[in-house]
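Step one of this worksheet: look at the structure below.
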Amino acid sequence: MSVVKISLPDGSVREFPQGVKGSEIAQSISEGLARMALSIEVNGEIWDLSRPITTDASIKIFTWNDKGGKYAFWHSSAHLFAEALEALYPGVKFGIGPPIENGFYYDVDLGDQPFGDDELLAVEKKMIELAKANNPFVRSDVSKKEALEYFRAKGDEYKLELIEGLQDGSITFYKQGNFTDLCRGPHVPATGVIKAIKLLSVAGAYWRGNEKNKMLKRIYGITFPKAKELEEYLHVLEEAKKRDHRKLGKELELFAFSEKVGMGLPLWLPKGTILRERLEQFMRRAQIRSGYDPVVTPHIGSKQLYVTSGHYEKYGKDSFQPITTPDVGEEFLLKPMNCPHHCEIYKTKPRSYKDLPIRLAEFGTVYRYEQSGELHGLTRVRGFTQDDAHIFCRPDQVKEEFIKVIDLVLLVFKSLGFDNYTAQVSLRDPENKQKYIGEDAQWDKAEREIQEAADERGLKTVAVQGEAAFYGPKLDFMVRDALNRSWQLGTIQVDYQLPQRFELEYVGSDNQKHTPVMIHRAPFGSLERFVAVLIEHCAGNFPLWLAPEQFAILPISEKFNEYGKRILNALRDKDIRGLLDDRDEKIGRKIRDSEVKKVPYMFIIGEKEVAENKITVRKHGGSDLGAFTLDEFMSQFGSDFALPS
RNA sequence: GCUGUUGUAGCUCAGGGGUAGAGCACUUCCUUGGUAAGGAAGAGGUCGAGAGUUCAAUUCUCUUCAACAGCUCCA
């Protein structure tokens with residue numbers, strides 16, 4: 001009998017009979033591994049443990065601790081779900097059902113049947129029953145013809161459509177129990193490994209992600225090998241909800257929405273405004289240091305301005321409609337972008353190559369008609385403020401300027417402790433070039449420059465096609481929120497188009513007119529979204545320099561309110577923000593209330609403190625730092641109250 | 001925009017065909033205190049809005065608005 005050489009991850013090579021299965025290899029390594037094994041990587045491809053290996057290969061056995069193991073587990077769970085659903089709803093049609101980062105989903109067509117929480121529970125129960133049956137997942141190769149026949153007989157047009165797109169000879173089915181599905185695999189050996197099951201939610205999803213197609217029901221679920229792991233996962237979800245900026249924003253009185261004002265139009269409350277203004281101060285200072293010139297432009301602009309920029313053609317009809325003047329019928333748009341205004345500032349006088357780069361910065365509030373279903377707390381709103389700036393430079397300055405902006409973005413992230421961001425190079429969709437303006441050569445150049453700048457700063461980047469702006473590629477900084485949703489914060493964009501459209505020029509050293517290059521950039525992105533992500537990042541425990549209330553003075557009794565007032569005024573003179581809690585409450589109560597409000601410092605004053613002219617300092621979270629005079633406290637901790645340098 | 005779920009006091013939520021309830025917050029009084037909720041009393045709601053069914057609707061039906069989850073979109 002012939003043998004195959006199997007290389008294991010530890011570098012050792014073992015011989016097995018040809019056709020050996022992953023499960024047998026696992027068994028030969030150890031009983032424990034065999035029990036834990038879920039799938040196997042064979043020459044870089046993830047396989048079922050039951051699939052015979054017929055050639056020499058390097059392999060790795062995957063368990064629950066590997067991504068490859070989890071994916072097989074959740075992929076199999078999706079099939080288990082489908083089996084349970086079909087058992088309860090005969091005739092249901094299936095779309096796709098992949099594993100995802102946390103669990104799996106399956107898109108299904110249930111016709112007009114309602115499907116809510118009760119139905120989820122019923123299917124969940126059926127799944128548990130079928131898991132206990134411990135049916136093996138059986139892989140089989142089928143011809144395209146057989147595959148089409150099977151699903152034609154079943155009347156599942158979605159699967160038929162999927163099969164049409166596949167190549168004959170590469171089609172496999174998987175069967176467990178009474179359920180057969182078109183599937184590439186891999187799967188776990190049998191349903192029995194799935195012990196804990198939770199169907200999480202139902203949502204709509206267009207077939208193949210296309211708005212014009214029928215909307216299917218997408219059912220999300222998650223499963224685990226142990227009940228305890230499911231409990232832990234659900235607990236983590238609960239904890240994440242506590243960090244949600246919409247919840248904390250309400251509790252900490254940072255911002256609010258009003259139906260009367262309009263959806264997606266945030267109202268910044270006094271405490272939220274302090275937070276936001278501190279961020280602005282931080283950015284203003286950083287920008288002045290980096291050679292930016294602040295400018296201010298109005299909230300509306302002539303429609304013609306956006307026709308010129310191309311924004312009107314691209315977004316005009318789906319946007320807030322123009323405001324028309326009563327007499328002459330002149331049309332104005334609520335400013336959706338600051339860049340056209342800044343282009344016009346550039347044009348106010350002739351520019352020399354010696355003047356460049358010119359960096360125009362503005363905290364510009366813009367209005368965009370976002371789809372109603374997209375509005376989400378502060379992360380997606382219809383009126384928001386960008387920390388926007390446009391750098392007008394010569395072609396030879398693009399890379400250097402781009403790198404400087406990267407540094408600015410990284411300064412922001414570092415100052416706020418954002419360490420798990422991703423840098424995304426957002427490129428054109430090569431299939432859909434008509435979505436963009438400009439010529440290929442300029443796009444290629446811009447895309448190259450962005451990648452080079454990012455590489456030069458050692459940024460790890462992920463390139464994503466189809467994510468560019470219509471006028472140019474971008475470097476986007478993505479951060480995840482408490483619920484693991486990804487948001488774009490900072491963005492840097494190279495633009496060869498708008499300078500042409502606005503006929504911007506400068507006189508070069510050759511005394512000829514040249515077109516400058518524009519870099520759009522916003523390190524925060526929008527203040528609204530940035531604050532939202534910041535709230536979730538620190539769970540409302542803001543760094544001292546940002547905290548709306550940096551301290552609370554807590555007198556032991558009303559007798560010490562006068563002394564408290566003196567301390568309050570002394571601290572305010574030092575530009576430190578806080579309040580005096582002079583309510584008729586006991587100290588325990590005052591401490592609790594300040595703790596709940598996440599006030600960083602509590603200054604407790606009573607008979608002893610008045611006598612010694614001191615304050616007793618308690619930090620948020622409970623640590624007692626002892627008694628200080630104000631001067632002692634300020635010399636020791638004072639610098640933390642100021643903007644970070 | 002699409003699919004689904006939800007909408008009761010400032011907040012968190014219970015209830016349910018016969019014109020509403022809790023805790024916290026709020027107001028007043030008592031209490032003058034030492035590191036996460038002192039005590040008592042009081043006030044507060046067109047049950048998201050509109051229409052229909054009914055003797056009677058906050059409850060049932062429809063429409064609409066908004067929020068939430070996801071999809072699509074995102075200058």
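First the proteins, then the strands, lettered A, B, ... as listed; each starts at 1. A quick note: this is a predicted structure, and the numbers were derived from the prediction, not measured.
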Practice task
List in numerical order all residues of residues 469-489 of chain A for which some heavy atom is under 4.0 Å away from an atom belonging to RNA chain B.
Solution key: A:Ala469, A:Tyr471, A:Lys474, A:Arg485
Practice task
With sequence neighbours left out, write down each residue that passes ring pair (Phe, Tyr, Trp, His ring centres under 6.0 Å) with A:Trp487, or none if nothing qualifies.
Solution key: A:His376
Handout entry: Separation between the P atoms of B:U31 and B:U35, rounded to whole Å
Key = 22 Å
Problem - C1'-based separation of B:C73 from B:C2 [nearest Å] - result: 12 Å
Handout entry: side-chain contact (heavy atoms from CB on, under 4.5 Å) partner of A:Ile553, chosen from A:Tyr601, A:Tyr563, A:Phe560, A:Phe603
Key = A:Phe603
Problem - Whole-Å C1' distance, B:C30 and B:A67 - result: 43 Å
Exercise for the section: Would you tell me whether A:His520 and A:Asp388 have side-chain atoms, one donor and one acceptor, within less than 3.5 Å of each other? Expected result: no
Problem - Flag for A:Gln493-A:Thr491: side-chain donor and acceptor within less than 3.5 Å - result: yes
Problem - Counterpart residues, salt bridge (charged side-chain N to carboxylate O under 4.0 Å, His left out), relative to A:Glu313 (two or more places apart) - result: none
Exercise for the section: Could you state the atom-to-atom distance from CZ of A:Arg583 to C1' of B:C29 in whole Å? Expected result: 17 Å
Handout entry: Between B:G23 and B:U8 - C1' atom distance, rounded Å
Key = 15 Å
Handout entry: Atom C1', compared across B:A49 and B:G7: separation rounded to whole Å
Key = 11 Å
Practice task
Could you list the residues that satisfy side-chain hydrogen bond (donor to acceptor under 3.5 Å, both in side chains) with A:Lys93, not counting sequence neighbours?
Solution key: A:Glu157
Problem - Residues touching RNA chain B, which here means a heavy atom under 4.0 Å, drawn from residues 309-321 of chain A - result: A:His311, A:Tyr315
Exercise for the section: Identify, with sequence neighbours excluded, every residue that meets ring pair (Phe, Tyr, Trp, His ring centres under 6.0 Å) alongside A:Phe384. Expected result: none
Practice task
Verify the ring-centre separation between A:Phe115 and A:Tyr89: is it less than 6.0 angstrom?
Solution key: yes
Practice task
Please work out if A:Tyr220 contacts a base, only the sugar-phosphate, or nothing of the nucleic acid, heavy-atom cut-off 4.0 Å.
Solution key: sugar-phosphate
Completion exercise
Out of B:U35, B:G70, B:A69, minimum distance to the side chain of A:Asp624 belongs to B:U35
Handout entry: Under-4.0 Å side-chain N/O to phosphate OP1/OP2 contact, A:Arg380 with B:C74
Key = no
Please tabulate the protein-to-nucleotide N/O contacts below 3.5 Å involving nucleotides 38-49 of chain B, giving atom names and distances.
residue : atom : partner  : partner atom : Å
B:G38   : OP1  : A:Arg589 : NH1          : 3.3

Practice task
Could you pull out all residues at least two apart from A:Glu401 that satisfy side-chain hydrogen bond (donor to acceptor under 3.5 Å, both in side chains)?
Solution key: A:Arg359
Problem - Paired stretches of RNA chain B - 3 or more consecutive Watson-Crick or G-U pairs, each distance under 3.5 Å - result: B:1-7 with B:65-71, B:10-13 with B:21-24, B:26-30 with B:38-42, B:48-52 with B:60-64
Anything under 3.5 Å between a protein N or O and an N or O of nucleotides 10-12 of chain B, put it in a table, one pair a line.
residue : atom : partner  : partner atom : Å
B:U12   : OP1  : A:Lys250 : NZ           : 3.4

Close N or O pairs between protein and nucleotides 1-5 of chain B (under 3.5 Å):
residue : atom : partner  : partner atom : Å
B:G1    : OP2  : A:Ser372 : OG           : 2.4
B:G1    : N7   : A:Gln371 : OE1          : 3.3
B:G1    : N7   : A:Gly373 : N            : 3.2
B:G1    : N2   : A:Tyr206 : OH           : 2.5
B:C2    : O4'  : A:Tyr206 : OH           : 3.4
B:U3    : O2   : A:Gly204 : N            : 3.2

Practice task
Take atom P in B:U27 and the same atom in B:G17, then report the distance between them in whole Å.
Solution key: 38 Å
Practice task
Sticking with atom C1', work out how far B:A9 lies from B:A22, rounded to a whole angstrom.
Solution key: 11 Å
Exercise for the section: Under 4.0 Å from any atom of RNA chain B, heavy atoms only: list the residues of residues 552-559 of chain A that qualify, in numerical order. Expected result: A:Ile556, A:Ser557, A:Glu558, A:Lys559
Problem - Cation-pi geometry met for A:Arg382 and A:Tyr369 (6.0 Å, 45°) - result: yes
Problem - Rounded distance in Å between the C1' positions of B:G45 and B:C26 - result: 15 Å
Practice task
Provide the closest heavy-atom pair for A:Val366 versus A:Met337 in the form atom of the first, atom of the second, distance.
Solution key: CG1-N, 3.8 Å
